[in-house]
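Presented below is the structure to which this report refers.
Counting from 1, the numbers follow the sequence of the chain as shown.
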Amino acid sequence: MKQYDVVIIGAGAAGLMCAATAGYRGKGVAVLDMGKKPGRKILISGGGRCNFTNENAKPENYLCRNPHFVKSCLSRYTQHDFIELVERHGLAYHHKTLGQLFCNNSAQDIVDILMTECDWAGVEVILRSEVLKVTNIDSGYQLETSNGEFQCQSLVVASGGLTMPKLGASPIGYKIAEQFGLKLFPTTAALVPFTLHDHDKQRFDGLSGISIDCLVSSESGQSFRENILFTHRGLSGPAILQISSYWQAGQSVSINLLPDESLAELIESWRQNNPKKSLKNCLSQILPSRFIDILTNEQAIPDKAVNQLTHTEIKQMHDYFHHWTIKPNGTEGYRTAEVTLGGVDTDELSSKTFEAKKAPGLFFIGEVTEVTGWLGGYNFQYAWSSGVACGQAV
């Protein structure tokens, strides 16, 4: 029987951050992970360069049924604190659009920093250790694993969600929450591409790889301005991934294909300057021609010169391009999703320490909780912030 002050399930972003924080406080810490190496999701994130935080991270960038829950941890360990940490380790990084920060070299650099911090803090990271059973005992918790038995005063569940099952995603965290009577919200894939119904897949066959800068809106009213990308399965791109977190089965999404223009005003200008030019050719100057060809072929666009358009047709075209509506068939699911929506109800946890109110000494941090950030480094920042908050309390 191995005994520690703290055992953490999951050697991901939140778990390793929590481990180092607790270790520096003099706690005896073990991190258990069933994988062959730590930080597996970190390694493939951001195209292998890990979008490790966002300069603009704030509570409004997170979905949570209690919108106040994330305020405490995000304010106590900010994106600037994590940037300071990686700079201290000499990480070379660069800025991208919308406040995103990426490693110059490899996501492995982030894992190396976390493992170095754990090493300096005296943390023991034990890989290939599957947790089989958790029991509440007088002195804390006992774990049966594929690597022996462990006892601890504080047990931290940082096991992540269900995304990317090939990386060993496991429902263990949800099972532990249920075992100790904590409420769970249903889980679903988020930050994930949409699949389309067969008729739409056939319509847009041949557009794979084409992207358009758009404003995409959900039925709930949430909007994101970034690119959409046609794929051979459906729609992807940053704006689609973002809106997927706000989409529910059966709903449509509205896409403003010309967010910086008024099509009615553009048509009026074309009528004055190029009256005999076809609407199709005019539109092909501002949107991908293959996309316009498809809309013309299915008669969504009148095949006539701009000076032949009636006022009714101009209004119809304006509404069509500024409110292009599509109803997804579904999403690509956990296989390609960035994160899991839903999980442990945050009302069951202390927002300051992440301790379960019903089970003293039991903590839940990171993606296993029902906090989901936007695309762009926000989920990593929540992992760092929740890990530090918990690490200071165990």
Side-chain angles (χ1 to χ4, degrees), residues 1-40 42 73 76-77 81-82 85 88-89 110-160 170 172-173 176-177 179-180 344 349-350 352-369 383-394:
M1 181 77 67
K2 299 173 186 174
Q3 295 194 322
Y4 296 87
D5 297 321
V6 184
V7 168
I8 299 169
I9 301 173
L16 293 175
M17 199 71 183
C18 178
T21 305
Y24 280 129
R25 292 177 50 237
K27 299 290 182 178
V29 183
V31 182
L32 306 179
D33 194 283
M34 61 194 294
K36 296 176 185 176
K37 51 187 175 182
R40 286 169 296 167
I42 297 173
C73 73
R76 286 184 291 140
Y77 191 84
D81 293 316
F82 192 76
L85 170 67
R88 215 162 55 232
H89 282 262
I110 295 292
V111 176
D112 290 346
I113 288 170
L114 294 169
M115 292 302 287
T116 299
E117 288 287 321
C118 284
D119 184 41
W120 291 347
V123 172
E124 194 174 346
V125 178
I126 305 167
L127 302 173
R128 303 183 192 222
S129 298
E130 183 181 2
V131 175
L132 305 172
K133 186 179 180 183
V134 175
T135 311
N136 190 200
I137 57 175
D138 289 342
S139 58
Y141 294 88
Q142 182 168 315
L143 292 83
E144 287 181 28
T145 81
S146 57
N147 215 350
E149 294 192 346
F150 296 79
Q151 279 188 1
C152 58
Q153 293 168 9
S154 298
L155 175 61
V156 180
V157 180
S159 53
S170 157
I172 181 69
I176 294 171
Q179 178 185 338
F180 289 94
V344 178
L349 308 174
S350 160
K352 186 175 182 185
T353 65
F354 290 79
E355 186 173 22
K357 296 171 183 175
K358 293 174 183 170
L362 180 62
F363 301 76
F364 292 84
I365 58 174
E367 193 182 346
V368 73
T369 64
W384 315 136
S385 298
S386 62
V388 169
C390 179
Q392 290 171 340
V394 288

Item to check | Evaluation steps, side-chain contact (heavy atoms from CB on, under 4.5 Å), between Leu155 and Val134 | outcome: CA-CA 10 Å; Leu155 175 61; Val134 175; 3.6 Å; yes

Checklist entry - Just wondering, do Val7 and Leu143 contact through their side chains at under 4.5 Å, heavy atoms? => result yes

Checklist entry - Quick one: CG on Asp81 to CG on Leu85, what's the gap to the nearest 0.5 Å? => result 9.5 Å

Next on the checklist: Does any part of the side chain of Leu114, heavy atoms only, come nearer than 4.5 Å to the side chain of Met17, both counted from C-beta?
Outcome noted: yes

Checklist entry - Picking from Gln151, Gln3, Lys133, what satisfies side chain to side chain donor-acceptor pair (under 3.5 Å) with Gln142? => result Gln151

Item to check | Lys37 atom NZ, over 12 foreign heavy atoms within 6.0 Å | outcome: no

Checklist outcome for this item: Output for pair (Phe150 CZ, Lys2 NZ), nearest 0.5 Å, gives 4.5 Å

Item to check | Close side-chain approach of Glu124 to Tyr4, heavy-atom, < 4.5 Å | outcome: yes

Checklist entry - Do the non-hydrogen side-chain atoms of Gln179 and Asn136 ever get within less than 4.5 Å of each other? => result no

Checklist entry - Can you find a heavy atom in the side chain of Val125 that is under 4.5 Å from one in the side chain of Leu16? => result yes

Item to check | Heavy-atom closest contact (Cys18 atom, Ile365 atom, distance) | outcome: CB-CD1, 3.7 Å

Next on the checklist: So, taking the atom named OH in Tyr24 and the one named SG in Cys118, what distance separates them when rounded to the nearest 0.5 Å?
Outcome noted: 8.5 Å

Checklist entry - Of the non-hydrogen atoms in Leu349 and Phe354, which two are nearest, and what is the gap between them? => result CD2-O, 3.9 Å

Checklist entry - Counting only N and O atoms by type, is there a donor-acceptor contact under 3.5 Å from the side chain of Arg76 to the main-chain atoms of Ala389? => result no

Checklist entry - Take atom NZ in Lys357; do more than 12 heavy atoms of anything else shown fall under 6.0 Å from it? => result yes

Checklist entry - Which heavy atom of Val131 sits nearest a heavy atom of Ile172, and at what distance? => result O-CD1, 3.9 Å

Checklist entry - Would you say Val156 and Ile9 make side-chain contact, with heavy atoms under 4.5 Å? => result no

Checklist entry - Are the side chains of Met34 and Ser129 in touch, meaning some heavy atoms are under 4.5 Å apart? => result no

Item to check | Ile8 vs Val123, side-chain contact (heavy atoms from CB on, under 4.5 Å): CA-CA, chis, key distance, verdict | outcome: CA-CA 10 Å; Ile8 299 169; Val123 172; over 6 Å; no

Checklist entry - Between Ser386 and Tyr77, is any pair of side-chain heavy atoms under 4.5 Å apart? => result no

